[in-house]
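Notes for the one structure printed next.
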Amino acid sequence: MIEMKNKFYTDWDLERIKSSRRNDDYRSPFQIDRDRIIHSSEFRRLQGKTQVFLPGEYDFYRTRLTHSIEVAQIGRSICNYLRSSCADCLSDEFYVDPDLVESICLAHDLGHPPFGHAGERTINKLMNAYGGFEGNAQTLRLITETFYRSEDSRRGMNPTRAFLDGILKYKALFKNFKNPENHFIYNDQRKYIEFVFGKKGYSRDFSTPKELNKFRSIECQIMDWADDTAYAVNDLVDSISGGFITIAKLVQWQKQNNLSDNQSEIVNEMIEWIKSGKFKPKFGIQIGDFVKACSLRKRKTFLDNLTNRYSLELKISKNVFEKAELYKRISVELVFRSPQLHQMEYKGKYMIGKMFDLFKENYIDSTGKMKLLPEFTDRIIRGEKNKVQRARLVCDQIAGMTDSYAMRTYRRLFDPDYSSIADLV
């Protein structure tokens with residue numbers, strides 16, 4: 001393996017969950033992590049999962065896959081910008097690794113289920129008695145436990161500590177909250193937080209679970225802002241292209257809300273872009289502005305004797321942050337609360353609920369004789385004696401479905417007129 005010339009990272013950052021004998025690779029440890037993500041079936045499956053609109057409805061809509069690629073590009077750009085603009089914190093031999101940030105960005109949505117956030121909320125409610133469901137927690141589960149499959153078992157991708165830490169937007173356990181809707185990891189994932197921090201008593205360093213969730217490495221902070229940038233800007237472009245956001249709707253929304261002068265100016269700017277027909281390049285320029293809104297601030301933490309990854313805090317200029325929040329608000333109120341989106345969400349929730357109830361009866365409560373899941377999944381569930389673990393395995397199967405695969409599975413199970421035996425993959 002090539003020697004890391006970047007002094008920002010220590011041997012502790014490069015350590016993997018399990019010791020690796022690989023020492024003759026031409027790639028850096030972070031490039032290996034990135035390549036494992038890109039060449040995985042889990043990553044390819046994102047092309048069939050909802051970002052805002054169902055995949056396949058129109059060719060130009062973004063999917064979870066194209067969104068993840070855009071986030072990765074923005075993440076790399078932020079790294080390069082910070083390296084050139086923050087001379088007091090970084091240098092040519094001491095910088096945030098863009099390969100590491102890229103791999104984190106590419107992986108950040110791997111655990112998200114079919115039908116977007118509506119699907120995530122639905123599965124969480126169904127899994128409430130078994131430890132809940134959260135897209136980021138499911139990403140952690142994939143990376144550490146189920147990424148690769150052999151004939152009768154699954155295993156993780158054995159990531160570096162820095163990569164594993166970077167995908168952890170949230171570090172508080174499900175049991176630390178009361179019936180949480182999101183922003184947690186599964187109870188049995190505590191060991192991975194202990195690995196990331198290098199100690200078991202990490203919770204004593206934080207007064208509340210929310211404080212723990214806010215404690216993120218610099219790479220995770222960059223990924224989060226890159227995600228917000230792609231979501232805030234590009235989802236608006238798709239919504240305008242698809243006719244969900246129009247000039248008339250923006251004007252009406254502006255009248256109905258008590259906006260500040262700055263917010264009104266931003267909305268007026270959007271209206272002019274749509275009128276000119278050049279809204280796509282105009283929004284594209286915004287991505288560069290969002291990147292250049294980044295700066296770094298030094299801070300002290302309890303991990304500074306082990307790593308530099310927590311010694312820096314990402315700061316976003318106030319005006320750009322407020323613009324991003326307004327963009328996201330417009331998407332939520334004009335698109336995500338539209339009848340069309342709610343109809344699709346209802347359909348997705350209904351299908352997931354029906355499938356889970358059937359699988360619960362046949363696999364979780366007891367193991368029935370019917371094989372309703374693929375051969376591999378059926379076999380490992382029947383070999384699991386713990387009921388909670390059987391539920392988690394059922395959850396893995398549903399969460400891993402693409403939107404179209406979920407709809408086909410639903411039809412095979414519940415639609416009397418749909419019975420093609422050839423449609424089993």
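Using a 4.0 Å cut-off between charged nitrogen and carboxylate oxygen, Lys371 and Glu375 count as a salt-bridge pair. Between Glu211 and Lys214, no side-chain nitrogen of the basic residue sits less than 4.0 Å from a carboxylate oxygen of the acidic one, so the salt-bridge criterion is not met. A salt bridge is defined here as a Lys NZ or Arg NE, NH1 or NH2 lying under 4.0 Å from an Asp or Glu carboxylate O, and Glu384 with Arg392 fails to meet this definition. The existence of a salt bridge linking Lys298 and Asp88 is excluded, since no basic side-chain nitrogen approaches an acidic carboxylate oxygen closer than 4.0 Å. Between Lys191 and Glu194, no side-chain nitrogen of the basic residue sits less than 4.0 Å from a carboxylate oxygen of the acidic one, so the salt-bridge criterion is not met. Between Arg16 and Asp33 a salt bridge is recorded (basic side-chain N to carboxylate O distance below 4.0 Å).
By the 6.0 Å contact criterion, CZ on Phe177 is enclosed, its count of non-hydrogen atoms from other residues, nucleotides or ligands being greater than 12. Crowding of Glu325 atom CD: a count of heavy atoms from other residues, nucleotides or ligands under 6.0 Å exceeding 12. Summarising the local packing, NZ of Lys249 is surrounded by more than 12 heavy atoms from other residues, nucleotides or ligands at distances under 6.0 Å. Annotation for Asn386: atom CG counts as buried by contact number, over 12 foreign heavy atoms lying within 6.0 Å. The neighbour count for Phe414 CZ, taken as heavy atoms of other residues, nucleotides or ligands under 6.0 Å away, is above 12.
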Intermediate values then yes/no, side-chain contact (heavy atoms from CB on, under 4.5 Å), Phe174 and Met127: CA-CA 11 Å; Phe174 175 82; Met127 285 291 293; over 6 Å; no
Audit row: His108, Asp224, side-chain contact (heavy atoms from CB on, under 4.5 Å) steps and yes/no: CA-CA 9 Å; His108 84 283; Asp224 195 34; over 6 Å; no
Audit row: Ile274, Thr246, side-chain contact (heavy atoms from CB on, under 4.5 Å) steps and yes/no: CA-CA 8 Å; Ile274 298 173; Thr246 63; over 6 Å; no
Chi angles and distances behind the side-chain hydrogen bond (donor to acceptor under 3.5 Å, both in side chains) call for Asp304, Thr301: CA-CA 6 Å; Asp304 290 347; Thr301 76; 3.0 Å; yes
Candidate pair Gln138 and Tyr186, rule side-chain hydrogen bond (donor to acceptor under 3.5 Å, both in side chains), full reasoning: CA-CA 8 Å; Gln138 192 68 13; Tyr186 307 143; 2.8 Å; yes
Step-by-step side-chain contact (heavy atoms from CB on, under 4.5 Å) determination, Phe163 to Ile143: CA-CA 10 Å; Phe163 171 76; Ile143 294 299; 3.9 Å; yes
Steps toward side-chain hydrogen bond (donor to acceptor under 3.5 Å, both in side chains) verdict (Ser260, Asn262): CA-CA 5 Å; Ser260 67; Asn262 183 53; 5.2 Å; no
Glu333 and Arg329: CA distance, side-chain angles, deciding distance, salt bridge (charged side-chain N to carboxylate O under 4.0 Å, His left out) verdict: CA-CA 6 Å; Glu333 297 185 11; Arg329 180 181 167 189; 3.3 Å; yes
Worked verdict on His117 versus Glu120 for side-chain hydrogen bond (donor to acceptor under 3.5 Å, both in side chains): CA-CA 5 Å; His117 289 292; Glu120 184 179 14; 3.0 Å; yes
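Side-chain atoms of Cys220 and Leu168, non-hydrogen and from C-beta on, never get closer than 4.5 Å to each other. At least one side-chain heavy atom of Leu82 sits less than 4.5 Å from a side-chain heavy atom of Ile222. The shortest side-chain heavy-atom distance between Leu46 and Thr63 does not fall under the 4.5 Å cut-off. Proximity of Leu372 to Phe359: side-chain heavy atoms (C-beta onward) are separated by under 4.5 Å at one or more points.
Between Phe206 and Phe215, the distance from one ring center to the other falls under 6.0 angstrom. Ring to ring, Phe302 and Tyr202 are not that close: their centroids are 6.0 angstrom or more apart.
The backbone N or O of Leu358 sits nowhere less than 3.5 Å from a side-chain atom of Asn362 that would complete a donor-acceptor pair. Checked by atom type and distance alone, the side chain of Gln189 pairs as donor or acceptor with a backbone atom of Ala137 at under 3.5 Å. The backbone N or O of Ala172 lies less than 3.5 Å from a partner atom in the side chain of Asn213, making a donor-acceptor pair. For the pair Asn124 (side chain) and Glu181 (backbone), a donor-acceptor distance under 3.5 Å is present. Using modelled atom types, no side-chain atom of Asn128 and backbone atom of Lys125 make a donor-acceptor pair closer than 3.5 Å. Remark: the backbone N or O of Leu393 is not paired with any side-chain donor or acceptor of Thr377 at under 3.5 angstrom. With hydrogens and angles ignored, the 3.5 Å screen pairs a side-chain donor or acceptor of Arg83 with a backbone N or O of Asp92. Formation of a donor-acceptor pair under 3.5 Å by the Glu219 side chain with backbone atoms of Gly166 is not found in this model. Side-chain atoms of Tyr9 come within 3.5 Å of backbone N or O of Asp97 as a donor-acceptor pair. Here the side chain of Thr139 pairs a donor or acceptor atom with the backbone of Gly135 at under 3.5 angstrom.
Distance SG/Cys79 to CD1/Ile74: 12.0 Å, rounded to 0.5 Å. A distance of 10.0 Å separates CD in Glu70 from CG in Leu65, rounded to the nearest 0.5 Å. Taking CE of Met157 as the start and CD1 of Ile17 as the end, the distance is 9.0 Å to the nearest 0.5 Å. For the atom pair CE of Met223 and CZ of Arg216, the computed distance is 7.5 Å after rounding to the nearest 0.5 Å. Here the CD1-NZ distance, from Ile167 to Lys169, works out to 12.0 Å after rounding to the nearest 0.5 Å.
Scanning all heavy atoms of the two residues, the minimum distance from Ala226 to Val71 falls at CB-O, 3.6 Å. In terms of heavy-atom proximity, Cys294 sits nearest to Trp225 at SG-CD1, 3.5 Å. Nearest heavy-atom pair across Tyr363 and Arg390 is O-NE, 2.9 Å. Asp13 approaches Phe8 most closely through the heavy-atom pair OD2-O, 4.1 Å. Scanning both residues, Asp403 and Lys49, for their nearest heavy atoms gives OD1-CA, 3.4 Å. The nearest pair of heavy atoms linking Ala324 to Phe290 is CB-CE2, 3.6 Å.
Between Tyr170 and His183, the ring planes lie parallel to each other; the angle is under 30°, not in the 30° to 60° tilted range. Between Tyr327 and Phe283, the angle of the ring planes goes over 60°, which puts this pair in the perpendicular group of the 30/60° scheme. Using cut-offs of 30° and 60° on the angle between ring planes, the pair Tyr310 and Phe197 is perpendicular.
By the 6.0 Å and 45° rule, Arg36 does not stack over the aromatic ring of Phe147. Cation-pi check for Arg161 over Phe195 is met; the charged atom lies under 6.0 angstrom from the ring centroid and within 45 degrees of its normal.
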